[in-house]
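Inspection log for the structure reproduced underneath, given as structure tokens.
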Amino acid sequence: MAKKKINVGLVGYKFMGKAHSHAYHDVSMFFDMDAEPVMKVICGRDEKGVKAAAKKFGWKEYETDWKKLVERDDIDLVDITAPSNAHKEIAIGAAKAGKHVFCEKPLALNVADAREILEVVEKAGVKHMINFNYRKAPAIALAKKMIDDGLIGKIYHFRGVYLQDWIIDPEFPIVWRLDKSVAGSGSHGDLNAHIIDLARYLVGDFDCVVGMEETFIKERPLTEIGTTGGLIAKATGGRGEVTVDDATLFLAKFVNGAVATFEATRFAAGRRNHNRFEINGSKGSIVFNLERMNELEYYNVDDPAGLQGFRLIQATDPSHPYMHAWWPAAHIIGYEHTFIHQVYDLLQAIANDTMPMPSFVDGLKCQEVLDAVVKSIQEKRWVSISEM
Ligand code: SOE
């Protein structure tokens, strides 16, 4: 039987646009799919840039207006990789036009907007997925299975850090990720969003939080128009105010009684993309570090005395999550593969009429924690998630 074709319209063509394009391009080469993605249309405001991206990434056509894209009859799925302040309008427009929606994190600039987006997609009856791609790293999916199988017992601690250093130079210019009106927040929404989601996935729902934040460099050069790409940009002569946090740290309690610490910063010299967590339970511990993303450390309290210690599991065996589709054991995979796994889960869910995970419900729950931390900083107190 011919596979169902899913026509994709992608908004955005920079760092995340490229990662998503690559995922659609490669997914059916490796995974057996119930549906086939068609890289139909890529959309961006700058015609020259989007036209070049369409050619380079393999999209059939391009558009310069997302409103036209979402109204097209030949699009089934709208994928949003534009900056955070554009998520709400595009996601709502796409859902109202009957399209399935896939959106980059964080879902919105605040809880009220995230809630509105969720209401609209649910009312429209479309599939929705948020791109918390680290859930799809085989080692993390394996950690989830080990926890669900009871291998580390009752969880006591989650200790998460997401450390970067790409803006440590005070002369690095103000790109959109440093502009509150576009990004919503700085390291908090960009990096804590990921580790909050991982904590929810692996430990459970949050109960309450208390946090602190710092903006170390309060003023920076402006960005020369057209020079932004990924995490690079050129400075102009003018200067402007940095309106987001450089670092946000917080403590949390989970509903199941576990406790946690979180730290997100863009000022950890030498830490380029250090997304690491440790989970301690009554029967053992699990440690993950994105810089060694094919590995998972596991400690079992029941190992014989005298032989105890952390063992290193290579999460590359064909029996590990997603790894059947790739190479023989220990032929490692990378960052871009997490997007392929995410897109695989999304397309399979659409083909089989199920809701992909993580969905916008997870996007909203993450936003509630993000906003609760901000409220706790503003009001200098513990904030319960139920207040949000
Ligand atoms: C930049 O901080 C960034 O690309 C984030 O936006 C991503 O979500 C994260 O996966 C890596 O770092």
Side-chain angles (χ1 to χ4, degrees), residues 11-19 44-46 49 80-90 103-111 113-114 131-133 161-197 211-250 262-275 363 366-367 369-371 373-375 377-378:
V11 186
Y13 61 90
K14 294 275 173 83
F15 183 12
M16 283 304 111
K18 194 175 200 173
R45 280 174 298 190
D46 173 46
I80 306 164
T81 68
S84 313
N85 65 339
H87 292 180
K88 179 179 164 186
E89 208 186 354
I90 304 175
C103 188
E104 262 303 327
K105 43 58 59 175
L107 181 57
L109 298 183
N110 53 57
V111 170
D113 285 358
N131 190 44
F132 285 127
N133 55 303
V161 296
Y162 203 146
L163 315 177
Q164 297 186 339
D165 70 353
W166 59 282
I167 57 167
I168 198 163
D169 176 358
E171 293 307 305
F172 186 90
I174 303 183
V175 290
W176 72 262
R177 280 182 165 83
L178 305 192
D179 179 348
K180 189 177 166 68
S181 66
V182 185
S185 65
S187 64
H188 191 45
D190 193 28
L191 305 178
N192 271 337
H194 278 303
I195 48 180
I196 289 168
D197 179 67
M212 61 178 288
E213 65 171 22
E214 194 53 65
T215 302
F216 301 112
I217 307 294
K218 300 197 169 28
E219 207 188 82
R220 291 175 176 273
L222 300 172
T223 300
E224 190 180 313
I225 291 167
T227 64
T228 316
L231 301 182
I232 52 166
K234 279 195 187 144
T236 60
R239 295 185 84 80
E241 190 198 347
V242 175
T243 46
V244 300
D245 55 294
D246 288 334
T248 295
L249 298 80
F250 67 99
F262 293 81
E263 180 181 5
T265 180
R266 293 164 166 167
F267 279 70
R271 299 297 189 194
R272 298 281 141 77
N273 201 35
H274 191 86
N275 173 0
C366 178
Q367 197 77 50
V369 178
L370 287 168
D371 286 17
V373 172
V374 173
K375 193 174 172 67
I377 295 167
Q378 285 164 351

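All values below come from the heavy atoms of this structure, side chains included, with hydrogens, waters and symmetry mates left out. Counting begins at 1 with the first residue of the sequence.
Y162 meets the ring-ring contact (aromatic ring centres under 6.0 Å, His included) test with H194; sequence neighbours excluded. Not counting sequence neighbours, the partners of A233 by the side chain to side chain contact (heavy atoms under 4.5 Å, CB included) test are P173, V175, T223, T227, T228. By the ring-ring contact (aromatic ring centres under 6.0 Å, His included) test, F262 pairs with F158, F206, F250, sequence neighbours left out. Every residue two or more places apart in sequence or in another chain was checked for a ring-ring contact (aromatic ring centres under 6.0 Å, His included) with W176, and none qualifies. Remark: F216 engages F267 in a ring-ring contact (aromatic ring centres under 6.0 Å, His included) (not counting sequence neighbours).
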Verdict with reasoning, S84 to L109, per side-chain contact (heavy atoms from CB on, under 4.5 Å)
CA-CA 7 Å; S84 313; L109 298 183; 4.0 Å; yes
Salt bridge (charged side-chain N to carboxylate O under 4.0 Å, His left out) between D165 and R266: does it pass, once the steps are laid out?
CA-CA 5 Å; D165 70 353; R266 293 164 166 167; over 6 Å; no
Stepwise side-chain contact (heavy atoms from CB on, under 4.5 Å) test for T248 and I377:
CA-CA 10 Å; T248 295; I377 295 167; 4.2 Å; yes
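In this structure, CD1 on I90 lies 8.5 Å from OG1 on T81, to the nearest 0.5 angstrom. Note that the CG atom of L163 and the CZ atom of R272 stand 12.5 Å from one another [nearest 0.5 Å]. To the nearest 0.5 Å, atom CG of residue N110 and atom CD of residue Q367 are 6.5 Å apart. I217 CD1 to F172 CZ: the interatomic distance, rounded to the nearest 0.5 Å, is 13.0 Å. For the atom pair CG of D197 and SG of C366, the computed distance is 6.0 Å after rounding to the nearest 0.5 Å. Taken to the nearest 0.5 Å, the CD atom of Q164 stands 12.5 Å off from the CZ atom of R271.
When atom types are taken as modelled, the side chain of D371 and the backbone of V111 share a donor-acceptor pair closer than 3.5 angstrom. Remark: side-chain polar atoms of H87 are paired, donor with acceptor, to backbone N or O of L107 under 3.5 angstrom. H188 places a side-chain N or O within 3.5 Å of a backbone atom of L370 that can act as its donor or acceptor partner. Looking only at distances, no side-chain donor or acceptor of R220 sits under 3.5 Å from a matching main-chain atom of I174. Not one N or O on the side chain of D246 forms a donor-acceptor pair closer than 3.5 Å with the backbone of E214.
Here the shortest heavy-atom pairing between P170 and P221 reads O-CD, 3.8 Å. Residues G189 and A193 come closest through the heavy atom pair O-CB, 3.0 Å.
No side-chain heavy atom of I195 sits less than 4.5 Å from a side-chain heavy atom of V161. Looking only at side-chain heavy atoms (C-beta outward), V373 and N192 stay at 4.5 Å or farther from each other. No side-chain heavy atom of S187 sits under 4.5 Å from any side-chain heavy atom of T265.
Heavy-atom neighbours of R239 CZ from other residues, nucleotides or ligands within 6.0 Å: above the threshold of 12.
Identified under the salt bridge (Lys or Arg N to Asp or Glu O under 4.0 Å) test for residues 175-186, with sequence neighbours left out: R177-D190.
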